[in-house]
Number of protein chains: 2
Amino acid sequence: MSMIETADAEGGLSLHQRILSDISEKILSGAWAPGHRIPFEHELSAQYNCSRMTVNKALSQLAKAGLIERRRRSGSFVRQPQSQAAVLEIHDIRVEVEALGLLYRYERVARHKRRSDAEDRALLELGAAGPVLALECRHFAGKRPFAHEQRLINLTAVPEASDEEFLAIAPSPWLIGRVPWSEAEHRIRAVGADKQVAAALDIAAGAPCLVVERRTWSAEHPVTYVRFTYPADSHTLVARFRPSQG
Amino acid sequence: MSMIETADAEGGLSLHQRILSDISEKILSGAWAPGHRIPFEHELSAQYNCSRMTVNKALSQLAKAGLIERRRRSGSFVRQPQSQAAVLEIHDIRVEVEALGLLYRYERVARHKRRSDAEDRALLELGAAGPVLALECRHFAGKRPFAHEQRLINLTAVPEASDEEFLAIAPSPWLIGRVPWSEAEHRIRAVGADKQVAAALDIAAGAPCLVVERRTWSAEHPVTYVRFTYPADSHTLVARFRPSQG
DNA sequence: GTGGCGATTATGTATATACATATTGAAACG
DNA sequence: CGTTTCAATATGTATATACATAATCGCCAC
């Protein structure tokens, strides 16, 4: 068994990557239907003339990617069509605007430091009362308002934010890098613009808008809640599904 | 070195999982800032009193999850705050409605088989002309319209669909399981309802709606294009970010 | 100095081996 | 006939080892 060799012909892929992609191809093409039992590790290791560890590495990754299910003593099986999960990339607004070839401009409309009220605590999912920073901002693409931002920052989690005016820098880039975050939840929906947002975005009240709300946690503590409102024509979120990779 | 032992105290985690979670905790808590060099594999293997392979398994997974970056000869480093990517779960409409505790009902409004016109080809990203099936459907939650569905099915890719009326079963569940798909793209935006959709959803024309468009490919061939329109108050998409797992 | 070259080093991949663990199927038993 | 037990089996985890590969550091010549 002389498998200590580099890249086995096939385009620079390592062996376990090749096994992985061979199998996922079979599954995604439909050649192996859901429920189909894929060859045992020892069969594949014989087929590819390699050790079981190498096959195991490939199959473990397929299992983690959700394409197969592994059962001790029984073998590995192609999973039923998975619940559709897509990867949503959420970019910085500056990057989005500049990707459109437009000039980005940021404006801080309002900034209030206060003790959290009931609504703040609900939005931040905060247990006890404490200081929060409430911000209202506008993001422009060229001359037109591109997005409206309403934000709460939990000053208990991010005390440094007390001293920041957010005139020169937007809250998102300020927070990123400064506060490590362990979890985030996004809620996406359509709404009719209320009066305040309509005025800020220079659109009619009731005009359709895309709202993206994000809540962020760091080590169990709520960090920030933010609500971005985009006029209907300014913004599309794109999510891609890709079932696996080497 | 007597590491052939089960679960090292710490709650049933395997050793490489424990190493992985220890390190990701350090990163996510901010103890190790972006750019920080994490200990070399041989240092960690000494620290955990285990082999380098075990450490390697943990670090490889962290690298694939995007938390660290590995450089030969230099070591492994905590990555800069990653581009925000979240996992968007897109459920079957029936499941969504039933999760709300409401009765689900499906209705096929229209069905046309035709040769693809220019618009069809644009929506399906189809190169050449060919037969397509155009469908219009409504999904109800209780008595109220919950979503409107406009769909194109590429009959070249799914010839069996020619014989299906889609009266008893909605296109999504029919397609899932029958057609394996390798890639999907979702576009999410807000729109004002046009006349046709407003009538179908029993809302005012121009009322804000969430639109989810999905294009699906199977083995390089376009399979289907679908556009779901939800009245603003009926639907919220939720996306979660979780940086890593064992 | 500086340009190149080789030694060093950390990661990347693969192997053979060992033992753990869960589960199944069949044999043994009441 | 049902139940309990046990051996067989496939995956899960870990080890020690080997060699490949890429990048960097320092040395040496020019």
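Quick note on labels: first sequence line is chain A, next is B, and so on, each numbered from 1.
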Rounded to whole angstroms, how far apart are [atom1] on [X] and [atom2] on [N]?
{"X": "A/E69", "N": "D/dG12", "atom1": "CD", "atom2": "C1'", "answer": "15 Å"}
{"X": "B/L15", "N": "D/dT13", "atom1": "CG", "atom2": "P", "answer": "11 Å"}
{"X": "A/K57", "N": "D/dG12", "atom1": "NZ", "atom2": "C1'", "answer": "15 Å"}
{"X": "A/M53", "N": "D/dT17", "atom1": "CE", "atom2": "P", "answer": "16 Å"}
{"X": "B/I38", "N": "C/dT11", "atom1": "CD1", "atom2": "C1'", "answer": "12 Å"}
{"X": "A/E41", "N": "C/dA16", "atom1": "CD", "atom2": "P", "answer": "15 Å"}
{"X": "A/H16", "N": "C/dG12", "atom1": "NE2", "atom2": "C1'", "answer": "9 Å"}
{"X": "B/R37", "N": "C/dT9", "atom1": "CZ", "atom2": "C1'", "answer": "12 Å"}

Going from CG on B/N49 to CG on B/L44, what distance comes out if it is rounded to the nearest 0.5 angstrom?
-> 12.5 Å
Output the distance between atom CD1 (A/I27) and atom CZ (A/R79), rounded to the nearest 0.5 Å.
-> 10.5 Å
Test ring pair (Phe, Tyr, Trp, His ring centres under 6.0 Å) applied to B/W217 - qualifying residues, sequence neighbours left out = none
Aromatic ring proximity, centroids under 6.0 angstrom, A/H139 and A/F146 | no
Can you sort out the partners of B/F40 under side-chain contact (heavy atoms from CB on, under 4.5 Å), two or more places apart, ordered by chain and number?
-> B/R37, B/H42, B/E43
Base, sugar-phosphate alone, or nothing: which one does B/S60 contact when heavy atoms must sit under 4.0 Å apart?
-> nothing
Give the intermediate values and the outcome of side chain to side chain contact (heavy atoms under 4.5 Å, CB included) for residues A/L126 and A/T156.
-> CA-CA 10 Å; A/L126 211 55; A/T156 310; 6.0 Å; no
If you check every side-chain atom of B/S76, which of C/dA16, D/dT15, C/dT11 has the closest atom?
-> C/dT11
Where the side chain of B/R52 is concerned, which of C/dT11, C/dT15, D/dA16 is the nearest nucleotide?
-> C/dT11
N/O (side chain, A/S74) to phosphate O (OP1/OP2, D/dT11) under 4.0 Å | no
Any B/R70 side-chain N or O less than 4.0 Å from OP1/OP2 of C/dG12 = yes
May I ask you to establish whether B/R94 and B/Y104 are in a cation-pi arrangement, using a distance under 6.0 Å from NZ or CZ to the six-membered ring centre and at most 45° from the ring axis?
-> no
For nucleotides 5-9 of chain D, which of its nitrogen or oxygen atoms have a protein nitrogen or oxygen under 3.5 Å away, and what is each distance?
{"residue": "D/dA8", "atom": "N3", "partner": "A/R73", "partner atom": "NH1", "Å": "3.1"}

